[in-house]
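The structure appears below as structure tokens.
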Amino acid sequence: EYHREFMRTQAIASQMALKFNNALDSVFAEFGEPENKTFLANQPRIHFLSPMVVEVQDTNLGALAFLIEPMLDVAKYEKFNNNMGYVKGQKESIYELADSL
């Protein structure tokens, strides 16, 4: 169920990102001034990865499902946070702080 919901959410987010990018492109087309076009052309676009669910049958564990995504190009992508509380530039995560109390 988790995997289905994740895929559904990802599809909705991808559609919203496409609409946003199209709206940005239409604004870009409307403003004819060169300085506006340069500014708008340099605005980042939103893209979502296309995930897949792989289901396997393990003799000991039974049916397992894995959610996988294409690997990001590390030369173009910078990680700012993770699911374990890490935030780039933050000295101490809330989880580390809570553990110290």
Side-chain angles (χ1 to χ4, degrees):
E1 185 60 33
Y2 166 80
H3 295 93
R4 257 192 222 109
E5 188 62 23
F6 180 88
M7 297 289 283
R8 187 181 76 76
T9 303
Q10 195 80 351
I12 292 168
S14 293
Q15 290 171 355
M16 293 174 81
L18 183 61
K19 287 180 181 182
F20 174 84
N21 293 338
N22 289 340
L24 195 56
D25 290 339
S26 70
V27 169
F28 171 76
E30 288 291 320
F31 293 93
E33 302 299 320
E35 61 274 6
N36 292 337
K37 284 191 174 189
T38 301
F39 171 77
L40 290 169
N42 290 326
Q43 297 309 300
R45 300 305 193 263
I46 300 172
H47 301 280
F48 281 84
L49 298 175
S50 299
M52 283 191 329
V53 174
V54 176
E55 296 176 350
V56 296
Q57 187 67 33
D58 182 270
T59 53
N60 295 321
L61 300 174
L64 300 171
F66 297 93
L67 182 63
I68 60 174
E69 297 172 332
M71 185 167 183
L72 296 172
D73 182 348
V74 295
K76 295 180 180 178
Y77 175 76
E78 183 176 356
K79 188 139 180 87
F80 291 96
N81 62 9
N82 67 21
N83 293 338
M84 300 301 292
Y86 165 79
V87 177
K88 182 179 178 178
Q90 185 175 333
K91 292 184 190 249
E92 194 171 3
S93 78
I94 191 75
Y95 299 108
E96 291 167 340
L97 182 60
D99 287 343
S100 70
L101 299 177

Identify all side-chain donor-acceptor contacts of residues 58-76 below 3.5 Å with residues at least two apart in sequence or on another chain.
residue: D58; atom: OD1; partner: N60; partner atom: N; Å: 2.8
residue: D58; atom: OD1; partner: L61; partner atom: N; Å: 2.7
residue: D73; atom: OD1; partner: A75; partner atom: N; Å: 2.9

Donor-acceptor contacts under 3.5 Å from residues 8-17 side chains, at least two apart:
residue: R8; atom: NE; partner: E5; partner atom: OE1; Å: 3.4
residue: R8; atom: NH2; partner: E5; partner atom: OE2; Å: 2.8
residue: T9; atom: OG1; partner: E5; partner atom: O; Å: 2.9
residue: Q10; atom: NE2; partner: L49; partner atom: O; Å: 3.1
residue: S14; atom: OG; partner: Q10; partner atom: O; Å: 3.0

- Query: What about L18 and F48, same hydrophobic cluster or not, with Ile/Leu/Val/Met/Phe/Trp/Tyr joined at side-chain heavy-atom distances under 4.5 Å?
  - Reply: no
- Note on the structure: Sequence neighbours excluded, the answer for salt bridge (Lys or Arg N to Asp or Glu O under 4.0 Å) partners of E1 is R4
- Note on the structure: So salt bridge (Lys or Arg N to Asp or Glu O under 4.0 Å) across residues 38-51, not counting sequence neighbours, yields D25-R45
